[in-house]
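Everything numeric here is computed off the predicted structure, so don't read it as measured data.
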Amino acid sequence: MEDCIIIGAGPAGLTAAIYLARFHLSIRLFDCGSSRAALIPRTHNHAGYPGGISGKDLLARMLDQAESFGARRELAAVSAIVPTDGAFEVQAGTDETRFHARTVLLATGVLNNRPDMPADQHDAALARGLIRYCPICDGYEVTDKRIGVIGTGDHGMREALFLRGYTRDVTLIAPGAAHDLDASCRRTLAEADIVHVDGPCTPLRIEGDRIVATTPGGERAFDSIYPALGSRIRSGLAVAAGARASADGCLEVDDHQRTSVTGLFAAGDVVKGLDQISHAMGEAGVAATAIRNLLDERSPIRR
């Protein structure tokens, strides 16, 4: 019986692992190898790294730190969380091995919806900054560059407007045949001098130092393209265990990161909030401390 099982080995899960291990609690961390942070070529807005750090390097450092205090990592995907009598049964791996814990922290994050292009080309473009997903993280890096945003409707408009704070050259491209923009959206885009063109915008291809989108109106080359296509919240395990979630799938938590299921916590992008490494780490610190205090209430922790 573990004190806590953490599901997800991104910034939130690893931060929680560091905290909980340093609380002298027994923990097991499940890592299915799909942290979104691992895809970051280099982050420059994470405090303490003036020259930036790659997502993979940051995760590796955090894992080393967690393991140095006794955290144990399992390279396996979790298939189910089952509440039992005051505890949880967690099923993981291809053989659905069963693990047991007094508490569970879900830090499974989200998956970005990708544009329509071969995976190897997408990953190559991402590594070079030709495709970017987070203007809050890296908008500074596209200052005064030529930027395309693949999206439409209110969401696409808001992403284009955000990027307009970094460059005058922003084009909003419809992912489908035509834009879904009401009169208010079109007026707002016009006032911001943001061009909008109909799609579809495939194929996308790398050409030298630029990424090219093929539209019915011709080819358009950009320094970077931001897909504003939404994301999939990976909250299914908690919802199946009885946790409440918003209409878009984000888990509902209180100020201590507690879900509606006693003993089940959540932190990071799987919870509604700012999708940022620093924010995920802060939530994980809150969750880990709340987990420690809950366990202490049930059975006082003494050395």
Do [X] and [Y] sit in one hydrophobic cluster, given that two such residues count as connected whenever their side-chain heavy atoms are within less than 4.5 Å of each other, even indirectly?
| X | Y | result |
| --- | --- | --- |
| Leu106 | Val253 | yes |
| Leu105 | Val270 | no |
| Phe222 | Ile131 | yes |
| Tyr133 | Ile225 | yes |
| Leu39 | Leu204 | yes |

- Message: With side-chain contact (heavy atoms from CB on, under 4.5 Å) as the criterion, how do His279 and Asp269 come out once you've worked through the C-alpha distance, each side chain's angles and the decisive distance to 0.1 Å?
- Response: CA-CA 9 Å; His279 190 257; Asp269 297 349; over 6 Å; no
Short question: side chain of [X], backbone of [Y] - any donor-acceptor pair under 3.5 Å?
| X | Y | answer |
| --- | --- | --- |
| Arg73 | Leu29 | no |
| Ser235 | Gly249 | yes |
| Ser246 | Cys250 | yes |
| Thr215 | Gly199 | no |
| Thr202 | Met117 | no |

Taking atom [atom1] as the centre, does [X] end up with more than 12 heavy-atom neighbours from other residues, nucleotides or ligands that are less than 6.0 angstrom away?
| X | atom1 | value |
| --- | --- | --- |
| Arg22 | CZ | no |
| Asp254 | CG | yes |
| Asp120 | CG | yes |
| Arg298 | CZ | yes |
| Arg128 | CZ | yes |
| Arg72 | CZ | yes |

Distance from [X] atom [atom1] to [Y] atom [atom2], nearest 0.5 Å?
| X | Y | atom1 | atom2 | answer |
| --- | --- | --- | --- | --- |
| Ile5 | Arg102 | CD1 | CZ | 11.0 Å |
| Leu130 | Asp209 | CG | CG | 7.5 Å |
| Met1 | His100 | CE | NE2 | 6.5 Å |

Closest contact, heavy atoms only, [X] versus [Y]:
| X | Y | answer |
| --- | --- | --- |
| Lys145 | Glu141 | NZ-O, 3.8 Å |
| Arg292 | Ile301 | O-CD1, 3.8 Å |
| Ala266 | Gln257 | O-NE2, 2.8 Å |
| Asn45 | Cys137 | ND2-CA, 3.6 Å |
| Thr15 | Gly285 | CG2-N, 4.3 Å |
| Thr262 | Phe88 | O-CZ, 3.3 Å |

Do [X] and [Y] have side chains that get closer than 4.5 Å, going by heavy atoms?
| X | Y | answer |
| --- | --- | --- |
| Cys4 | Ser26 | no |
| Gln91 | Thr97 | no |
| Arg302 | Asp296 | yes |
| Asn112 | Arg36 | yes |
| Glu159 | Pro135 | yes |
| Glu252 | Lys272 | no |
| Ile27 | Glu2 | no |
| Ser35 | Leu59 | yes |

- Task: Could you go through the salt bridge (charged side-chain N to carboxylate O under 4.0 Å, His left out) check for Arg42 and Asp138 one step at a time?
- Result: CA-CA 9 Å; Arg42 197 162 197 85; Asp138 56 26; over 6 Å; no
Side-chain atoms of residues 185-198: list all donor-acceptor pairs with protein atoms under 3.5 Å, sequence neighbours left out, distances to 0.1 Å.
residue	atom	partner	partner atom	Å
Arg186	NE	Leu181	O	3.1
Thr188	OG1	Ser184	O	2.9
Asp198	OD1	His179	N	3.1

- Go through the steps for Val239 and Leu251 under the test side-chain contact (heavy atoms from CB on, under 4.5 Å), then give the verdict. CA-CA 8 Å; Val239 171; Leu251 292 176; 4.1 Å; yes
- Message: I'd like to check the ring-ring contact (aromatic ring centres under 6.0 Å, His included) partners of Phe69; sequence neighbours left out, ordered by chain and number.
- Response: none
- Item | All ring-ring contact (aromatic ring centres under 6.0 Å, His included) counterparts of Phe30, not counting sequence neighbours | Phe99
- Message: I'd like to know whether Val104 forms a side-chain contact (heavy atoms from CB on, under 4.5 Å) with Ile7, so could you lay out the CA-CA distance, the side-chain angles of the two residues, the decisive distance to 0.1 Å, and finally the verdict.
- Response: CA-CA 8 Å; Val104 169; Ile7 304 171; 4.0 Å; yes
- Item | Pair Arg205-Glu207, salt bridge (charged side-chain N to carboxylate O under 4.0 Å, His left out): steps then yes or no | CA-CA 6 Å; Arg205 73 176 191 278; Glu207 193 169 285; 2.7 Å; yes
- Message: Can you tell me how the ring of His46 sits relative to the ring of Tyr49, calling it parallel under 30°, perpendicular over 60° and tilted otherwise?
- Response: parallel
- Short side-chain donor-acceptor distance under 3.5 Å, Arg132 and Ser224: yes
- Without hydrogens or angle criteria, can the side chains of Thr167 and Asp169 be said to hold a donor-acceptor pair below 3.5 Å? no
- Task: Test Leu25 against Leu295 for side-chain contact (heavy atoms from CB on, under 4.5 Å), laying out the working first.
- Result: CA-CA 10 Å; Leu25 298 176; Leu295 293 173; 4.0 Å; yes
- Verdict with supporting geometry, Arg114 and Asp123, salt bridge (charged side-chain N to carboxylate O under 4.0 Å, His left out): CA-CA 11 Å; Arg114 297 184 170 195; Asp123 293 347; 3.3 Å; yes
